[in-house]
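Beneath this line is the structure, given in structure tokens, with notes to follow.
Just so it is clear, the structure is predicted and the values come from calculations on it, not from any experiment. Whatever order the structure lists them in is the order used to number ligands and atoms, beginning at 1.
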Amino acid sequence: MDDTKRKEEEQVMSNEDDSKGSICGYDSLHRLLKDNLKPHLFHAFCFQADKELLREPRVVRVGLIQNSIALPTTAHFADQKKAIFDKLRPIIEAAGSSGVNILCLQEAWMMPFAFCTREKRWCEFAEPVDGESTEFLQCFALKYNMVIISPILERDINHGEVIWNTAVVIGNHGNVIGKHRKNHIPRVGDFNESTYYMEGNTGHPVFETAFGKIAINICYGRHHPLNWLAFGLNGAEIVFNPSATVGELSEPMWPIEARNAAIANSYFVASINRVGTETFPNAFTSGDGKPAHADFGHFYGSSHVSAPDSSCTPSLSRNRDGLLITDMDLNLCRQVKDRWGFRMTARYDMYADTLAHYVKPDFEPQIISDPLLHKKSLLWSVVRLPSAATPNKISMLHIGIIKPVPRKNFKSMKLETGKDREKETKEFPLLATYKVCYTGGFVDLGVIVVDLWSLFCVNSSHTAQILMSTRLAKLLEPRIGSFS
Ligand SMILES: NC(=O)NCCC(=O)O
């Protein structure tokens, strides 16, 4: 590599580099591999937990890989997949030789993210759980004693070739521990993935591995707090969120949702997003009236790990492939639970009750409406006036505090316009005068505030005047009626 090129790269790296030393960005990673440097020269990010008297620390090294596709989407499908394998091989080797215990790849890592196109031919990428992608990764799992989470497009050949968005969990002996299928299918922007696969039917499994209890919440599932909760209830200590999402759609939410889930559920969240812009042979529309386009937008990478104590690693690059290596002491999960007691203070029985009602067709939301809200009557409140006040003496009244009075004070009230007191009120900047007759318990001298712009005064002879601005009078005219 010539000097100028290296300098340029170093400049990019120093801009991108994270002080905590994640292996960050395509260039740095590939330089690392090319120069045959030992990955341990790069110190990874580390989450600490307190020392405990009765438990040893349970430090787990987690690796996350984000990558762009390797060939244009016009290439032969077999070549595209092979090129991704070839690209990932050295990165997985780097993770393995860095001592990573649990490695997670991005959503549907073995193919371009073609779901936006709605063209069925991309289904050809789908493979069975024990297909070639699993086989490819099993060797590394065995070689490096590493658990690998492999999110693929799955074809269930035992069930009529049904297609799923699935994460396969490969154990550190190269065995398949199990799978989880994506629970929530996006129907937003270009992400209308229901053309390709069904809502998952595997619940919220937690996989007990040699290195801790892990779960996978695939991409769009991160917007569903109860999805996160369910993995937590099943005892997850790390929840992986392999994703494929673009800047325009979700970037502002990306760092917030993961951290919030980690805090609320007292576990680690490992977020992985793919990188780059993938262009497809045929343009497609998004059903929003905008012109057809041939790409999804930019997949912004930014993979990172969030901890239950609200700390967070720096993110990988927005633009480049990357491997993030993070050490985490899983003891932190219980320590945060003991400290904050979110599980203890939760009211699951109450939520279960609400949900049980909610899912029934005859569910009615528990809403207590202001009884006046839907009445064809004026909004009103009462403020006390000095007893000397009479309607004729009030020119401008500025009402500070408005004190609502129970409706039962009024059994009924009739409002009617009238001109008979016009003379007395004409000195006021008011255009309408109303005579009020009412029956009921309200006998004190007072002012009933119709709302902030208007009021009417009640004297002890049970007659009252409404003083209103024209604007309000116009507004309220059709609603003047009876309190009852
Ligand atoms: N792959 C996927 O579920 N994308 C949805 C977009 C998002 O949730 O940001």
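- Judged by distance alone, the side chain of Thr195 and the main-chain N or O of Glu193 form no donor-acceptor pair under 3.5 Å.
- Sorted by first then second residue, the ring-ring contact (aromatic ring centres under 6.0 Å, His included) pairs that include residues 141-168, not counting sequence neighbours, number zero.
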Tabulate below the donor-acceptor pairs under 3.5 Å that side-chain atoms of residues 206-220 make, not counting sequence neighbours, or state none.
{"unit_1": "Thr209", "atom_1": "OG1", "unit_2": "Phe211", "atom_2": "N", "d": "3.1"}
{"unit_1": "Thr209", "atom_1": "OG1", "unit_2": "Gly212", "atom_2": "N", "d": "3.3"}
{"unit_1": "Thr209", "atom_1": "OG1", "unit_2": "Gly212", "atom_2": "O", "d": "2.7"}
{"unit_1": "Asn217", "atom_1": "OD1", "unit_2": "Asn227", "atom_2": "ND2", "d": "2.9"}
{"unit_1": "Asn217", "atom_1": "ND2", "unit_2": "Gly221", "atom_2": "O", "d": "3.3"}

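- Taking a heavy-atom cut-off of under 4.0 Å, ligand 1 is surrounded by Glu107, Phe113, Lys182, Pro186, Phe191, Glu193, Cys219, Tyr220, Arg222, His223, Ala244, Thr245, Leu249, Ser250.
- Between the side chain of Arg222 and the main chain of Trp254, no donor-acceptor pair closer than 3.5 Å is present.
- Applying the salt bridge (Lys or Arg N to Asp or Glu O under 4.0 Å) test to every pair with at least one member in residues 244-253, sequence neighbours left out, gives these pairs: Glu251-Arg318.
- Using a distance-only test at 3.5 Å, with no hydrogens or angles considered, a donor-acceptor pair links the side chain of His293 to the main chain of Pro291.
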